[in-house]
Amino acid sequence: MPNSLAGDQVPNPTLDAIGLVDWSLRNAGTSGSTPGLEEGGTDPWTFSQLKNTDQLKEVGTASKLHQVVSGFLKACGLLGSLYFFICSLDILSSAFQLLGSKMAGDIFKDNVVLSNPVAGLVIGVVVTVLVQSSSTSSSIVVSMVASKLLTVQASVPIIMGVNVGTSITSTLVSMAQSGDRDEFQRAFGGSAVHGIFNWLTVLVLLPLENATAALERLSELALGAASLQPGGQAPDILKALTRPFTHLIIQLDSSVVTSSITSNTTNSSLIKHWCGFRGETPQGSSEECDLSGSCTERNSSASPGEDRLLCHHLFAGSELTDLAVGFILLAGSLLVLCVCLVLIVKLLNSVLRGRIAQAVKTVINADFPFPFGWLSGYLAILVGAGLTFLLQSSSVFTAAIVPLMGVGVINLERAYPLFLGSNIGTTTTALLAALASPADTLLFAVQVALIHFFFNLAGILLWYLVPVLRLPIPLAKRFGDLTAQYRWVAIVYLLLTFLLLPLAAFGLSLAGGSVLAAVGGPLVGLVLLIILVNVLQRHRPSWLPRRLQSWAWLPLWLHSLEPWDRLVTGCCPFKAYSNSHMTSKVAHCYENPQVIASQQL
């Protein structure tokens with residue numbers, strides 16, 4: 001392929017031919033931008049160059065002024081989109097609580113089921129997915145332990161499930177970047193690394209806890225060594241910014257969920273209609289309740305003769321049921337979330353380019369100089385914990401990291417410790433909230449929060465302290481590669497990880513421990529054996545028998561996703577990025593060199 005153009009045209013810089021052809025086919029007839037080097041032989045996980053549209057040219061005063069105004073407007077648009085993105089996450093959580101909180105309360109009532117560790121783990125996952133709030137799930141657990149409806153030992157698997165369920169938010173956010181192959185590959189891999197870390201930690205610590213009660217004993221030792229004094233709530237900076245807007249849409253009384261478990265009052269509406277009485281300051285926030293869920297009931301406890309103040313939100317005084325309002329909020333919040341996420345990604349691609357992009361990427365992904373480079377990851381853990389503590393929401397923090405990974409600002413190796421720090425940050429927030437609990441529930445609340453903290457700390461020791469054991473990173477890259485080629489794998493992963501497999505384990509656990517061991521044991525052993533054979537096929541094939549050095553002797557549908565891809569894409573509008581697609585682009589490039597020359601660079 002020629003490196004220069006004939007005549008008086010400006011010589012072309014060295015470009016990735018495949019990426020340029022792909023861009024030119026999508027943007028036929030347009031000019032003025034140069035594609036990123038992200039396809040065709042370039043590893044998208046390295047993203048050595050971000051999308052760059054800067055041109056080295058002299059600009060006049062008017063052009064400089066235009067650039068300044070444009071940059072200011074883009075910054076305002078980015079901040080506004082981020083604000084409404086966070087608000088939509090808050091309303092989405094409220095929608096899930098309206099749709100699933102009563103069901104979550106009914107699930108938690110069955111103490112016989114909760115005594116099974118696997119069932120408790122699955123319940124923690126499902127309930128957190130339903131209510132989209134680890135704080136709400138933790139509040140339910142604390143109130144049940146404090147009310148003697150649940151032992152601390154039985155609460156440990158539920159806390160593990162709560163930790164796993166929080167990672168679904170970032171996975172849902174990554175789906176909005178499925179329009180671009182490489183962005184989706186990085187974004188989904190980044191969201192998957194969080195879930196994989198949580199699941200691997202559960203697979204190690206759940207059997208260990210069931211055999212030794214290590215986390216329960218460690219939390220008891222910490223409680224015995226500490227002199228507990230009730231403290232104040234953690235800083236609520238994020239909600240102080242979003243509450244003026246979100247409380248105009250909906251206000252919920254989260255104590256209804258807790259009271260439905262500890263008593264028989266299950267017919268109350270979760271929507272807060274009354275916010276006080278005349279002559280006193282209205283209390284419009286249900287978040288003023290402590291972690292145990294104990295707060296003054298203002299929704300329906302007023303006597304008939306009292307003059308009550310109607311709350312000022314969209315559904316105050318509405319005759320709609322909680323289910324109807326939940327579906328309305330779910331549809332609206334998902335729409336706003338997707339629109340804001342698309343705007344954020346577009347604005348980031350527009351702002352973070354050229355020298356700015358390289359500077360931002362270098363600062364965020366930089367390491368300390370030798371021999372202190374290993375400290376960079378631990379600093380990222382502290383940064384993730386601190387930012388989550390300030391934002392008061394691990395879901396918001398992880399959901400904000402995923403788009404940055406998609407556009408190529410943060411790499412997976414740097415995002416991984418940030419996610420781990422987010423897990424620690426959300427537990428410190430819960431610990432401070434537990435210290436604000438009443439005296440009768442203080443010990444239980446703090447012990448549950450400590451179990452959550454030690455669980456995440458043990459996960460860091462397992463899967464981050466030793467570099468060779470950072471298995472979530474290569475596994476997440478593998479998932480990202482698969483979803484880039486077959487987009488439907490992302491939906492299958494979402495359904496299997498957070499719904500089908502937990503429900504299957506839950507059903508087997510209800511049949512008894514022997515049934516669960518008889519069915520689940522061989523399946524887990526088979527999966528581990530397949531993983532081991534695949535690792536040996538890649539690194540030490542000579543160690544295997546000739547028959548196992550390749551899976552070619554199996555039917556194609558057992559060792560390849562191609563038949564499944566043809567089946568799925570035949571009935572669903574997914575576009576698979578296969579090797580044939582890349583080959584056709586290479587052929588188009590080399591058979592038609594005019595494609596390069598026709599672009600104005």
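All residue numbers refer to positions in the sequence shown, counting from 1. Here the structure is a predicted model, which means the values were calculated and not measured.
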Drop me the distance from [X]'s [atom1] to [Y]'s [atom2], to the nearest 0.5 angstrom.
| X | Y | atom1 | atom2 | answer |
| --- | --- | --- | --- | --- |
| N198 | N163 | CG | CG | 4.5 Å |
| L347 | L79 | CG | CG | 10.0 Å |
| L450 | E216 | CG | CD | 12.5 Å |
| I401 | L418 | CD1 | CG | 5.0 Å |
| I91 | L334 | CD1 | CG | 11.0 Å |
| T497 | W199 | OG1 | CH2 | 7.5 Å |

At their closest point, which heavy atom of [X] faces which heavy atom of [Y], and how far apart are they?
| X | Y | result |
| --- | --- | --- |
| I491 | M175 | CG1-CE, 3.6 Å |
| G161 | T128 | O-OG1, 4.4 Å |
| R414 | S376 | NH2-CB, 3.8 Å |
| A399 | P403 | O-CD, 2.9 Å |
| G406 | E183 | O-CG, 3.1 Å |
| G189 | L412 | O-CD1, 4.0 Å |

Should L172 and T169 be marked as a side chain to side chain contact (heavy atoms under 4.5 Å, CB included) after you check the CA-CA gap, both sets of side-chain angles, and the distance that decides it?
CA-CA 5 Å; L172 290 173; T169 304; 5.8 Å; no
Residues which pass side-chain contact (heavy atoms from CB on, under 4.5 Å) with [X], listed by chain and number, not counting sequence neighbours:
| X | result |
| --- | --- |
| L503 | V126, L499 |
| A385 | I424 |
| L469 | V466 |
| Y464 | Y378, I381, Y416, P417, L420, I460, R470 |

Just by modelled atom types, is the [Y] backbone N or O under 3.5 Å from a matching donor or acceptor in the [X] side chain?
| X | Y | answer |
| --- | --- | --- |
| S94 | D90 | yes |
| S88 | F85 | yes |
| E209 | L215 | yes |
| N456 | H452 | yes |

Side chain to side chain donor-acceptor pair (under 3.5 Å) with [X]: which residues, sequence neighbours excluded?
| X | value |
| --- | --- |
| T388 | S422 |
| Q447 | S219 |
| N210 | none |

For [X], give me all partners under ring pair (Phe, Tyr, Trp, His ring centres under 6.0 Å), at least two apart in sequence or on another chain.
| X | result |
| --- | --- |
| F419 | H194 |
| F84 | F245 |
| F397 | none |

More than 12 foreign heavy atoms under 6.0 Å from CD of Q153: is that the case here?
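Not more than 12 within 6.0 Å, no.
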Is there a side-chain contact between [X] and [Y] (heavy atoms, below 4.5 Å)?
| X | Y | result |
| --- | --- | --- |
| W463 | V204 | yes |
| V448 | V152 | no |
| T166 | T426 | no |
| T171 | F188 | yes |
| I250 | L252 | yes |
| P502 | F506 | no |
| V173 | S191 | no |
| M405 | V409 | no |

With side chain to side chain contact (heavy atoms under 4.5 Å, CB included) as the criterion, how do I168 and L494 come out once you've worked through the C-alpha distance, each side chain's angles and the decisive distance to 0.1 Å?
CA-CA 8 Å; I168 191 176; L494 200 62; 4.0 Å; yes
From CA spacing to verdict: side chain to side chain contact (heavy atoms under 4.5 Å, CB included), V156, F455:
CA-CA 9 Å; V156 177; F455 170 78; over 6 Å; no
If the condition is salt bridge (charged side-chain N to carboxylate O under 4.0 Å, His left out), which residues does E413 pass it with, not counting sequence neighbours?
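Expected list: K477.
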Decide yes or no on side chain to side chain contact (heavy atoms under 4.5 Å, CB included) for F184 and T483, but give the supporting numbers first.
CA-CA 8 Å; F184 185 47; T483 53; 4.0 Å; yes
